[in-house]
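Following: one structure in structure tokens, then a few remarks.
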Amino acid sequence: VYDVYQEASMALVFHDKISEVKGRIGEMLLTKLSHRERIQSAFVIASLLDDDIGSVVREGTSNIDEARVNLEAASVAMSISLLALASRRLENGLRCLPGDHWREERELSLQLYLLAVLAAYTRGNRGAVEYYGGQILAQRENVSVADKIRAHFALLPPIVDPETALDASD
């Protein structure tokens with residue numbers, strides 16, 4: 001259904017307004033679809049909202065909603081091993097968080113950062129692992145010790161060298 005709306009609206013829009021229209025379509029889908037439908041359409045909704053990410057908060061939605069839909073899309077992407085896509089969704093979701101997100105949106109922030117650590121680790125992006133993990137570890141009051149330990153494990157160097165592990169199995 002949303003494909004029909006998107007195609008029809010794009011045919012009627014001037015090129016310089018496409019990002020704004022895509023954002024509004026994403027907003028409509030975000031606010032009107034059920035949770036299950038949002039998860040099924042997470043990639044589409046996140047993509048539409050991302051096109052208009054620089055705009056002011058739109059009526060009926062918020063940057064927090066956009067961060068959540070990007071987290072949903074990233075989770076789906078991770079589950080089917082689309083790591084680069086998951087990383088982009090997580091970066092977009094993190095950009096949507098307000099400045100005081102660790103205090104105001106602790107759980108969402110933690111989910112985004114922990115998944116970002118995992119995606120970066122899986123992709124072998126040590127710099128991103130250190131950055132995202134460091135953001136979690138830097139929290140003194142807003143993150144539990146257990147969650148800091150989860151981030152810390154991703155920051156540890158591998159205990160077993162993969163080459164040695166293969167030799168030992170022969």
Side-chain angles (χ1 to χ4, degrees), residues 19-20 22-24 26-27 29-31 33 35-162 165:
S19 289
E20 182 182 342
K22 284 183 177 181
R24 288 179 187 219
E27 168 193 326
L29 294 173
L30 183 62
T31 57
L33 295 178
H35 179 70
R36 183 171 185 239
E37 291 170 322
R38 272 183 42 190
I39 289 174
Q40 292 172 342
S41 305
F43 291 134
V44 173
I45 297 169
S47 178
L48 290 166
L49 292 171
D50 287 348
D51 275 355
D52 195 32
I53 204 164
S55 72
V56 296
V57 175
R58 291 177 293 276
E59 184 181 331
T61 187
S62 73
N63 286 342
I64 297 302
D65 292 330
E66 293 182 33
R68 283 192 181 101
V69 80
N70 274 287
L71 175 61
E72 291 168 358
S75 297
V76 171
M78 288 288 290
S79 73
I80 56 176
S81 299
L82 295 174
L83 303 175
L85 179 60
S87 294
R88 283 194 306 276
R89 293 285 134 233
L90 291 164
E91 289 168 9
N92 290 339
L94 289 166
R95 265 199 311 270
C96 291
L97 293 174
D100 60 349
H101 62 90
W102 285 111
R103 189 171 45 84
E104 297 294 322
E105 292 291 336
R106 187 195 74 76
E107 189 58 35
L108 177 60
S109 299
L110 186 60
Q111 289 176 357
L112 283 163
Y113 275 96
L114 283 172
L115 196 55
V117 168
L118 179 61
Y121 183 83
T122 306
R123 294 184 74 201
N125 186 342
R126 188 82 182 152
V129 170
E130 290 173 359
Y131 174 76
Y132 295 128
Q135 294 295 310
I136 296 169
L137 295 176
Q139 300 308 307
R140 295 177 192 239
E141 300 171 3
N142 302 313
V143 177
S144 71
V145 172
D147 289 326
K148 287 182 180 181
I149 290 171
R150 289 170 61 194
H152 186 68
F153 276 117
L155 296 170
L156 294 175
I159 296 172
V160 178
D161 178 45

(message) Can you tell me how the ring of Tyr132 sits relative to the ring of Tyr113, calling it parallel under 30°, perpendicular over 60° and tilted otherwise?
(response) perpendicular
(request) Mind listing the closest non-hydrogen atom pair of Ala67 and Gly93 along with its distance? (result) CB-O, 3.5 Å
(message) Quick test of your reading: applying salt bridge (Lys or Arg N to Asp or Glu O under 4.0 Å), list the pairs with at least one residue in residues 69-81, sequence neighbours left out, ordered by first then second residue.
(response) Arg38-Glu72
(request) Give, for atom CZ of Arg103 and atom CD of Glu141, the distance between the pair rounded to the nearest 0.5 Å. (result) 10.5 Å
(request) Locate the shortest heavy-atom distance separating Leu94 from Ala116; write the atom from each residue and the value. (result) CD1-CB, 4.4 Å
(request) Working to the nearest 0.5 Å, report the span between CG of Leu71 and CG of Asn92. (result) 12.5 Å
(message) Going by side-chain contact (heavy atoms from CB on, under 4.5 Å), name the residues that satisfy it together with Glu104, two or more places apart in sequence or in a different chain.
(response) Asp100
(request) To the nearest 0.5 angstrom, please state how far the CG atom of Leu115 sits from the CG atom of Asn70. (result) 11.5 Å
(request) Return the set of residues passing side-chain contact (heavy atoms from CB on, under 4.5 Å) with Ala119 (not counting sequence neighbours), or none when no residue passes. (result) Met78, Ser87, Leu90
(message) If I compare all heavy atoms of Val143 with all of Trp102, which pair ends up nearest, and what's the gap?
(response) CG2-CZ3, 3.6 Å
(request) Under the side-chain contact (heavy atoms from CB on, under 4.5 Å) rule, collect the residues that match up with Arg140, sequence neighbours excluded. (result) none
(message) Going by side chain to side chain donor-acceptor pair (under 3.5 Å), name the residues that satisfy it together with Glu130, two or more places apart in sequence or in a different chain.
(response) none
(message) If you count heavy atoms of other groups shown closer than 6.0 angstrom to CD of Glu107, is the number above 12?
(response) yes
(message) Would you compute the distance between atom CD1 of Ile136 and atom CG of Asn142 and round it to the nearest 0.5 angstrom?
(response) 12.0 Å
(request) Nearest 0.5 Å please: distance from the CG atom of Leu110 over to the NZ atom of Lys148. (result) 11.0 Å
(message) I'd like to check the side-chain contact (heavy atoms from CB on, under 4.5 Å) partners of Glu105; sequence neighbours left out, ordered by chain and number.
(response) Ile64, Arg68, Leu108, Ser109
(message) Just to verify, what does Ser144 make a side chain to side chain donor-acceptor pair (under 3.5 Å) with, not counting sequence neighbours?
(response) Asp147
